[in-house]
Amino acid sequence: METLRAVFVVCLALAITAVLLPVHLVAQWRRWPLRKTTAQTWHRWVARAMGLRIDIHGAPARAGGHGVLLVANHASWLDIVALGSVAPVSFIAKDDVRDWPVFGLLARLQDSVFVSRNARATTRTQAETIAQRLADGDTIVLFAEGTTSCGNFVYPFKSSLFGALGVGESDRRDDALVQPVAIAYTGVDGIPMGRQSRPLAAWPGDIGIGPHLTRILREGRIDIHVGFGDPITVTPGTNRKRLATETERAVRRMMSALVRGQRPSSAGTQNPLRTAHEES
């Protein structure tokens, strides 16, 4: 039965793709706003086909025509499906993801921003690209841990990733809006996940994408909670290390509440992080 379920989900996902892909390709070629809607619709339908039940707490921030940077924890490739079904988002991904089979194609189709974390010479260009995307009104997701976890806790956020976005650059002219987001896996087949079973949904680095994908497709319904914290206004000269700390604390608080079955309270701050212009 588990194998039959996996085959059924794959066939359904292919059918969904066959319906939406031609429309999405035309919209992407013409740069129509419809491309964001088709991407979100694909994630939403695929999530349902896979049996993902996604509960949302709070809502993505709106910035009056400007984009928002969503800063989230990262446990699995399922995070992408969950967030992609909730809002019309793009993702910041490592350069090598571009060449992954299937997932690389999907990342390109969703207008992902590919960054090299080792090439310092391209950091400025990457920051300018992301800044322009935000200025154009895009909502972009940054997985600030820089890797996936077991799903039971949040790794420290890497301030260097915020630096790659141009945070802390004193010559930036515009403010930006950053919103903490927590993603928690809480149940499977109606049974609550504990610390021992939560890694079922997680995708640690030592497991290949193929085996993990097969395992997920064979499972029944998976419950995912997504919590949106209060947005943080980032100004020119914001200290990126402090920003990383503030967003990490907010995500940790929401994550802790979600895995305990509680509704997270507002975890961010409405105040700009203006206090430090130097990066200590």
Side-chain angles (χ1 to χ4, degrees), residues 6-54 56 59-70 72 74 76-116 122 125-143 165 174 176-177 179 181 183 209-210 213 216-217 224 226 228:
V7 172
F8 174 76
V9 173
V10 170
C11 291
L12 194 53
L14 290 174
I16 292 168
T17 303
V19 171
L20 292 176
L21 184 58
V23 179
H24 182 77
L25 288 175
V26 173
Q28 193 174 47
W29 172 52
R30 300 300 297 268
R31 305 309 293 172
W32 290 338
L34 177 64
R35 71 188 188 279
K36 299 180 181 180
T37 302
T38 53
Q40 183 179 1
T41 301
W42 185 89
H43 282 288
R44 187 174 293 169
W45 287 359
V46 168
R48 290 178 180 176
M50 294 176 62
L52 305 182
R53 190 175 72 174
I54 303 168
I56 307 168
R62 298 181 181 272
H66 290 277
V68 179
L69 180 68
L70 302 180
H74 194 22
S76 172
W77 56 268
L78 288 171
D79 302 340
I80 296 172
V81 179
L83 287 176
S85 70
V86 169
V89 300
S90 298
F91 296 88
I92 296 173
K94 295 182 293 184
D95 252 347
D96 58 348
V97 173
R98 190 197 308 264
D99 300 322
W100 287 8
V102 181
F103 285 89
L105 174 62
L106 293 175
R108 295 195 299 274
L109 290 173
Q110 198 159 353
D111 288 335
S112 295
V113 181
F114 297 99
V115 299
S116 174
T122 62
T125 301
Q126 292 170 144
E128 291 173 352
T129 299
I130 295 169
Q132 185 59 54
R133 290 282 298 273
L134 292 172
D136 291 341
D138 286 359
T139 299
I140 302 178
V141 178
L142 169 67
F143 294 118
L165 305 180
D174 299 326
L177 206 61
Q179 186 175 27
V181 180
I183 307 169
I209 183 64
L213 175 60
I216 291 297
L217 293 179
I224 307 174
V226 180
F228 292 90

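Atoms considered below: every heavy atom in the structure, side chains included; atoms not considered: hydrogens, waters and symmetry mates. Since the model is a prediction, treat every value here as computed from it, not as a measurement. Quick note: residue numbers are just sequence positions, from 1.
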Shortest non-hydrogen separation from [X] to [Y] and the atoms involved:
X: Ala82; Y: Ser85; result: O-OG, 2.8 Å
X: Val23; Y: Val19; result: CG2-O, 4.2 Å
X: Val68; Y: Ala61; result: CG2-O, 3.5 Å
X: Val46; Y: Ile16; result: N-CD1, 4.0 Å

Main-chain N/O of [Y] paired with [X] side-chain donor or acceptor, under 3.5 Å:
X: Asp79; Y: Ser76; result: yes
X: Ser112; Y: Ala107; result: yes
X: Gln40; Y: Val86; result: yes
X: Gln179; Y: Ala59; result: yes
X: Ser90; Y: Ile140; result: no

Distance (rounded to the nearest 0.5 Å) between [X] [atom1] and [Y] [atom2]:
X: Leu69; Y: Ile92; atom1: CG; atom2: CD1; result: 5.5 Å
X: Trp45; Y: Leu12; atom1: CH2; atom2: CG; result: 10.0 Å
X: Ile224; Y: Leu52; atom1: CD1; atom2: CG; result: 4.5 Å
X: Arg35; Y: Asp111; atom1: CZ; atom2: CG; result: 5.0 Å
X: Leu105; Y: Arg98; atom1: CG; atom2: CZ; result: 12.5 Å

Side chains of [X] and [Y]: closer than 4.5 Å at any heavy-atom pair?
X: Ile54; Y: Val81; result: no
X: Phe91; Y: Leu83; result: yes
X: His43; Y: Ile80; result: yes
X: Val97; Y: Phe103; result: no
X: Phe114; Y: Arg108; result: yes
X: Leu25; Y: Leu109; result: yes
X: Val141; Y: His74; result: no
X: Val89; Y: Gln110; result: yes

Just do the side chain to side chain contact (heavy atoms under 4.5 Å, CB included) check on Val26 and Leu34 with the steps written out, would you? CA-CA 9 Å; Val26 173; Leu34 177 64; over 6 Å; no
Derivation and outcome, salt bridge (charged side-chain N to carboxylate O under 4.0 Å, His left out), residues Asp138 and Lys36: CA-CA 9 Å; Asp138 286 359; Lys36 299 180 181 180; 2.7 Å; yes
**Item:** Derivation and outcome, side chain to side chain contact (heavy atoms under 4.5 Å, CB included), residues Leu21 and Trp42
**Value:** CA-CA 9 Å; Leu21 184 58; Trp42 185 89; over 6 Å; no
